[in-house]
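Accompanying notes for the structure given below.
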Amino acid sequence: MGKLTVRALRAVLVVVLSGTVFVQALMLWALISGNDPEDGSLPLTPLRVITILGIGTAQVAMVCVWRLVTMVRRGTVFSHAAFRYLDAIIGAIVAAALVWFAVTALSAPGQRDDPGVTVIMGGVGLAVLGVALIVLVLRMLLAQAVARHVEAAEMQAELDEVI
């Protein structure tokens, strides 16, 4: 991975992470201060809590991506240490899907006249779970690459002994 790519990715991660922290702080302030009274159309307090948690799942994934990029730059990504970051990303994606299903459940009573919206929202939640499955497949590919890397290192050591 080139230096420009790493710097661009890190710049994007910093901007997005900063933005999400700002939005979380505003949501938390609105939640604590109570300056925005509910008009009864939506349960704002649960939605704010769910939004704060949902943003947290994205932040966990971004920090793990940052750590994986660091491992790639150092050449240590083909190690067992990378698995904990991938596991955390998978967990964050699954948590995000669960948060989305909670939003769907909260908004479903208001969609009685048009239940298609709730079905579409459920489909979005399933798509998010599909992303978690894709990352799981990539994790399995990394496991195979790590096994090949270890095997190659052992063969190189044996070859060095022979020479």
Side-chain angles (χ1 to χ4, degrees), residues 1 5-6 8-32 36-73 76-149:
M1 187 179 288
T5 305
V6 170
L9 178 57
R10 285 187 174 166
V12 168
L13 289 173
V14 165
V15 169
V16 174
L17 194 58
S18 300
T20 59
V21 168
F22 179 70
V23 169
Q24 271 182 324
L26 289 177
M27 297 292 274
L28 193 58
W29 176 254
L31 193 64
I32 292 171
D36 189 16
E38 296 187 26
D39 64 356
S41 63
L42 283 175
L44 288 180
T45 300
L47 283 174
R48 283 189 181 117
V49 170
I50 289 171
T51 301
I52 291 168
L53 294 174
I55 290 172
T57 63
Q59 290 168 336
V60 167
M62 286 186 281
V63 169
C64 290
V65 167
W66 184 287
R67 294 295 301 150
L68 286 170
V69 168
T70 300
M71 292 180 79
V72 168
R73 287 297 298 155
T76 60
V77 75
F78 293 112
S79 66
H80 294 286
F83 294 124
R84 74 176 145 187
Y85 298 115
L86 286 172
D87 291 340
I89 291 171
I90 293 167
I93 294 170
V94 170
L98 294 176
V99 165
W100 183 255
F101 286 133
V103 169
T104 303
L106 276 174
S107 66
Q111 302 296 330
R112 288 190 182 132
D113 294 336
D114 189 11
V117 172
T118 303
V119 172
I120 291 170
M121 289 177 72
V124 169
L126 287 175
V128 173
L129 286 175
V131 172
L133 288 173
I134 291 169
V135 176
L136 180 63
V137 168
L138 294 173
R139 184 194 185 283
M140 288 186 235
L141 290 172
L142 180 64
Q144 288 179 353
V146 168
R148 298 293 181 270
H149 185 72

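Numbering of residues begins at 1 and proceeds along the displayed sequence.
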**Item:** Test item: side-chain donor near acceptor, Thr5 and Arg73, under 3.5 Å
**Value:**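 Per modelled atom types, Thr5 and Arg73 side chains form no pair under 3.5 Å.
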How many angstroms lie between atom [atom1] of [X] and atom [atom2] of [Y], to the nearest 0.5 angstrom?
X: Met121; Y: Trp100; atom1: CE; atom2: CH2; value: 4.0 Å
X: Gln24; Y: Ile55; atom1: CD; atom2: CD1; value: 5.0 Å
X: Gln59; Y: Leu13; atom1: CD; atom2: CG; value: 12.0 Å
X: Thr51; Y: Leu26; atom1: OG1; atom2: CG; value: 12.5 Å
X: Leu106; Y: Ile50; atom1: CG; atom2: CD1; value: 4.5 Å
X: Leu136; Y: Leu129; atom1: CG; atom2: CG; value: 12.0 Å

[X] versus [Y], closest heavy-atom pair with distance:
X: Val99; Y: Gly54; result: CG1-CA, 3.9 Å
X: Ala97; Y: Gly125; result: CB-O, 3.9 Å
X: Val77; Y: Ala82; result: O-CB, 3.4 Å
X: Ile89; Y: Ala61; result: CG1-O, 4.1 Å
X: Val146; Y: Ser79; result: CG2-N, 3.7 Å

**Request:** Kindly determine whether Met62 and Val12 satisfy side-chain contact (heavy atoms from CB on, under 4.5 Å), including the steps that lead there.
**Result:** CA-CA 10 Å; Met62 286 186 281; Val12 168; over 6 Å; no
**Request:** For Thr20 and Leu17, run side-chain contact (heavy atoms from CB on, under 4.5 Å): C-alpha distance rounded to whole Å, both residues' side-chain angles, the deciding distance at 0.1 Å, then the answer.
**Result:** CA-CA 5 Å; Thr20 59; Leu17 194 58; 4.0 Å; yes
**Message:** Within the 4.5 Å heavy-atom criterion, are Leu86 and Leu68 side-chain neighbours or not?
**Reply:**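 The answer is yes; the side chains approach within 4.5 Å.
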**Request:** Check whether any side-chain heavy atom of Thr104 sits under 4.5 Å from a side-chain heavy atom of Thr118, and report yes or no.
**Result:** yes
**Other residues, nucleotides, ligands: >12 heavy atoms within 6.0 Å of Phe78 CZ** =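 Result for CZ/Phe78: open.
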